[in-house]
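Values in this document were obtained by computation on a predicted structure and should not be read as measured data. Chain letters run A, B, ... following the sequence lines, proteins first, then strands; residues in each count from 1.
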Number of protein chains: 2
Amino acid sequence: MGIFSKTCEYAVRAVFFIAQRTADGSRVGIKEIAVNIDSPEHFLAKILQDLSRRGIIQSVKGPNGGFYLDAQSLARPLSDVIEAVDGGGIFRDCGLGLKECSSKNPCPLHHDFLDVRNRLQNMLESITIGQFNEDLNLGIVVLKK
Amino acid sequence: MGIFSKTCEYAVRAVFFIAQRTADGSRVGIKEIAVNIDSPEHFLAKILQDLSRRGIIQSVKGPNGGFYLDAQSLARPLSDVIEAVDGGGIFRDCGLGLKECSSKNPCPLHHDFLDVRNRLQNMLESITIGQFNEDLNLGIVVLKK
DNA sequence: ACAATAAAAGATATTTATATCTTTTATTGT
DNA sequence: ACAATAAAAGATATAAATATCTTTTATTGT
């Protein structure tokens, strides 16, 4: 298990891929996405359906249909994807699983964790879905393997 | 899902509790541990069996038996517990799940993640199992609820 | 030796995450 | 209208994590 669930990993990779692949205003189908981010097609379909319902990504059915991102979606912080899929627990929950952990009633790791979590959150809030399009085009960063 | 698995959360809480509770050289039984860290007794038993086998904690059977920590174990970094239970993936694996992600072949989040993960690792390596005994005694930090 | 204790080990159950397959609905071009 | 396309939705399957229960083994005090 990584920091995120597998579902969430697929979601982020897919969103980055859709951003790059449809920057020209086109759409991209589930099959092409799955192949290019190395994920199980039908499982990814479920994930994208959910993201679409939540308005994180856009989709149209039928010929020439597929998934894409509007300007607003491209500008979203990546943290929105994480929150949509895994929930915000990773940004908020106690590292040791205590429900009532707080600065008033802290677990032993509370203060240290607060720092790490805040850094993670700041990082994911400051990254936008569309910001890697160029790096992906240039092959400087990758989404599979 | 938090940063760690539930198994790992129980393990860390238990280890901290054993450290404090047996600082006087005594042992503590599984039942008392489970109650005080609010975990399912039999499940925790499995976890502690495993930690015991790996030498992260100590145990003796029979009357007056139970779990305890020797001086060496008390001085261990908390990261050893995490590694034993969840594996080191959290310190090393790609945030997006790519097997071959590296500085040469990075995912879009590679550099940012490296920073967060290193901080987490440094933090967990610099915390020792025994270092919260006093705070636990004083009630400044807690292990349940 | 024996009974009591407590962890170790084994077996099984339940829940959640991950994955696959099939059917339905919306959209497009002819 | 119709056929083709592609996502949405529904149903089911598999694997992994979490949890529970039972039996065995080691240790202790009598």
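Per the geometry, CD1 belonging to A/I47 stands 11 Å off C1' belonging to C/dA17, to the nearest Å. The distance from atom CZ of B/R27 to atom C1' of D/dA26 is 13 Å, rounded to the nearest whole Å. The distance from atom CD of A/E9 to atom C1' of C/dA19 is 15 Å, rounded to the nearest whole Å. The distance between atom NZ of A/K6 and atom P of C/dT18, rounded to the nearest whole Å, is 7 Å. With rounding to whole Å, A/D86 atom CG is found 16 Å from C/dT16 atom P. Put simply, CZ on A/F43 is 15 Å from C1' on D/dT12, counting in whole angstrom units. For A/Q58 and C/dT27, the CD to P distance is 15 Å, given to the nearest whole Å.
The shortest side-chain heavy-atom distance between B/F17 and B/E32 falls under the 4.5 Å cut-off. In this structure, the side chains of B/S79 and B/F91 come closer than 4.5 Å at one or more pairs of heavy atoms. For the pair A/Q58 and A/S73, the minimum side-chain heavy-atom distance is below 4.5 Å. B/I90 places none of its side-chain heavy atoms less than 4.5 Å from the side chain of B/R117.
In this structure, A/Y10 reaches the C/dA19 phosphate: one of its side-chain N or O atoms is under 4.0 Å from OP1 or OP2. Between A/T7 and the phosphate of C/dA17, there is no side-chain N or O to OP1/OP2 separation shorter than 4.0 Å.
With B/N105 contributing its side chain and B/C101 its backbone, the two residues share no donor-acceptor pair below 3.5 Å.
We find that B/R92 and B/E83 are joined by a salt bridge, their nearest charged nitrogen and carboxylate oxygen being less than 4.0 Å apart. Under the 4.0 Å criterion applied to side-chain N and carboxylate O atoms, B/D50 and B/K46 are not assigned as salt-bridge partners.
A continuous path of hydrophobic side-chain contacts links B/I37 to B/I140 [ILVMFWY only; heavy atoms under 4.5 Å]. A/L44 and A/V85 fall within the same hydrophobic cluster, where Ile, Leu, Val, Met, Phe, Trp and Tyr residues are linked whenever their side-chain heavy atoms come under 4.5 Å apart, directly or through other members.
Paired runs in DNA chain C that reach 3 or more consecutive Watson-Crick or G-U pairs, where each pair keeps both distances under 3.5 Å, cover C:1-30 with D:1-30.
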- Contact string for nucleotides 3-11 of chain D, one letter per nucleotide 5' to 3', B = base within protein heavy-atom range under 4.0 Å, S = sugar-phosphate only, - = neither, reads -BBBBBBBB
